[in-house]
Amino acid sequence: MTDESKAAVKGPVAASIERKLTEALAPVSLKVIDESHHHAGHAHPGDSRHGNESHFRVEVVSAAFAGKSRIDRHRMVNGLLAQELAEGLHALAVTAKAPGEG
């Protein structure tokens with residue numbers, strides 16, 4: 001399976017991340033990228049709860065981020081995904097911007 005076809009298939013964790021961020025942030029743009037296949041064979045405690053979905057990159061553009069610092073934006077995203085993180089999501093890279101930011 002190619003990286004492109006892997007990205008097209010959403011597992012339950014990816015779907016949950018997308019749903020929660022969409023509902024809470026009404027994003028102009030949202031990409032939820034499963035990068036777990038890059039970390040295959042790396043054992044992390046709790047990963048088994050999510051199967052092969054353990055590492056994600058999120059790129060989100062939302063008006064909800066306007067006027068907020070980078071750390072506040074990351075806290076917002078991490079707060080929305082607290083359940084996934086508590087259940088063993090090992091890595092979450094976040095790029096959070098307001099509309100019009102480069």
Side-chain angles (χ1 to χ4, degrees):
M1 191 178 273
T2 66
D3 284 353
E4 199 171 292
S5 63
K6 286 178 187 174
V9 178
K10 282 197 180 93
V13 177
S16 178
I17 290 170
E18 187 171 298
R19 179 183 51 77
K20 287 180 178 183
L21 296 181
T22 298
E23 288 174 1
L25 301 174
V28 173
S29 172
L30 174 62
K31 291 182 185 175
V32 177
I33 304 151
D34 185 350
E35 298 181 330
S36 302
H37 59 283
H38 294 299
H39 304 275
H42 300 178
H44 300 292
D47 281 357
S48 61
R49 288 191 222 166
H50 290 302
N52 294 326
E53 294 185 271
S54 60
H55 294 70
F56 283 90
R57 174 172 304 282
V58 172
E59 299 172 4
V60 59
V61 178
S62 172
F65 298 134
K68 297 206 176 359
S69 70
R70 185 171 66 95
I71 195 152
D72 286 339
R73 295 171 184 195
H74 284 234
R75 285 179 179 152
M76 288 171 67
V77 172
N78 288 343
L80 292 167
L81 303 178
Q83 179 180 352
E84 287 77 6
L85 290 163
E87 291 178 352
L89 177 58
H90 179 71
L92 179 65
V94 178
T95 301
K97 298 180 180 179
E101 292 180 346

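Source: prediction; values computed, not measured.
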Notebook entry, point to check: Taking Ile17 as the fixed residue, which of Val77, Thr22, Leu81 is the one that meets the side-chain contact (heavy atoms from CB on, under 4.5 Å) rule?
Noted result: Leu81
Note to self: As an exercise, state the distance from CG of Leu21 to CD of Glu59, rounded to the nearest 0.5 Å.
What the structure shows: 12.5 Å
Check: Is the side chain of Ser29 donor-acceptor paired with the backbone N or O of Val60 at a distance under 3.5 Å, no angle test?
Finding: no
Next item on the list: Evaluate the criterion side chain to side chain contact (heavy atoms under 4.5 Å, CB included) for residue pair Val13 and Phe56; output intermediate values, then yes/no.
Entry: CA-CA 9 Å; Val13 177; Phe56 283 90; 3.7 Å; yes
Item checked: Interatomic spacing from CG in Leu25 to CG in Leu30 - rounded to 0.5 Å -> 8.5 Å
Note to self: Is any side-chain heavy atom of Pro27 closer than 4.5 Å to one of Val61?
What the structure shows: no
Notebook entry, point to check: Closest approach of Ala98 and Arg73, non-hydrogen atoms and distance?
Noted result: N-NH1, 3.7 Å
Next item on the list: Taking Glu53 for its side chain and Ala14 for its backbone only, find out whether a donor-acceptor pair lies under 3.5 Å.
Entry: yes
Notebook entry, point to check: Quick check: are there more than 12 heavy atoms from other residues, nucleotides or ligands sitting under 6.0 Å from CZ of Arg19?
Noted result: yes
Next item on the list: First locate atom CG of Leu92, then atom OG of Ser54, and finally report the distance between them rounded to the nearest 0.5 Å.
Entry: 11.5 Å
Notebook entry, point to check: Which distance, rounded to the nearest 0.5 Å, do you find between the NE2 of His74 and the CZ of Phe65?
Noted result: 8.5 Å
Next item on the list: Find the distance between CD (Glu18) and NZ (Lys10) and round it off to the nearest 0.5 Å.
Entry: 4.0 Å
Note to self: When you group the ILVMFWY residues by side-chain heavy-atom contacts below 4.5 Å and let the links chain together, are Val28 and Val58 in the same group?
What the structure shows: no
Margin query: Quick one: does any side-chain atom of Ser69 pair with a main-chain N or O of Asp72 as donor and acceptor, under 3.5 Å?
Written below: yes
Notebook entry, point to check: Are there more than 12 heavy atoms of other residues, nucleotides or ligands under 6.0 Å from atom NZ of Lys97?
Noted result: no
Checklist line | Side-chain (Arg57) to main-chain (Ile33) donor-acceptor, under 3.5 angstrom | finding: no
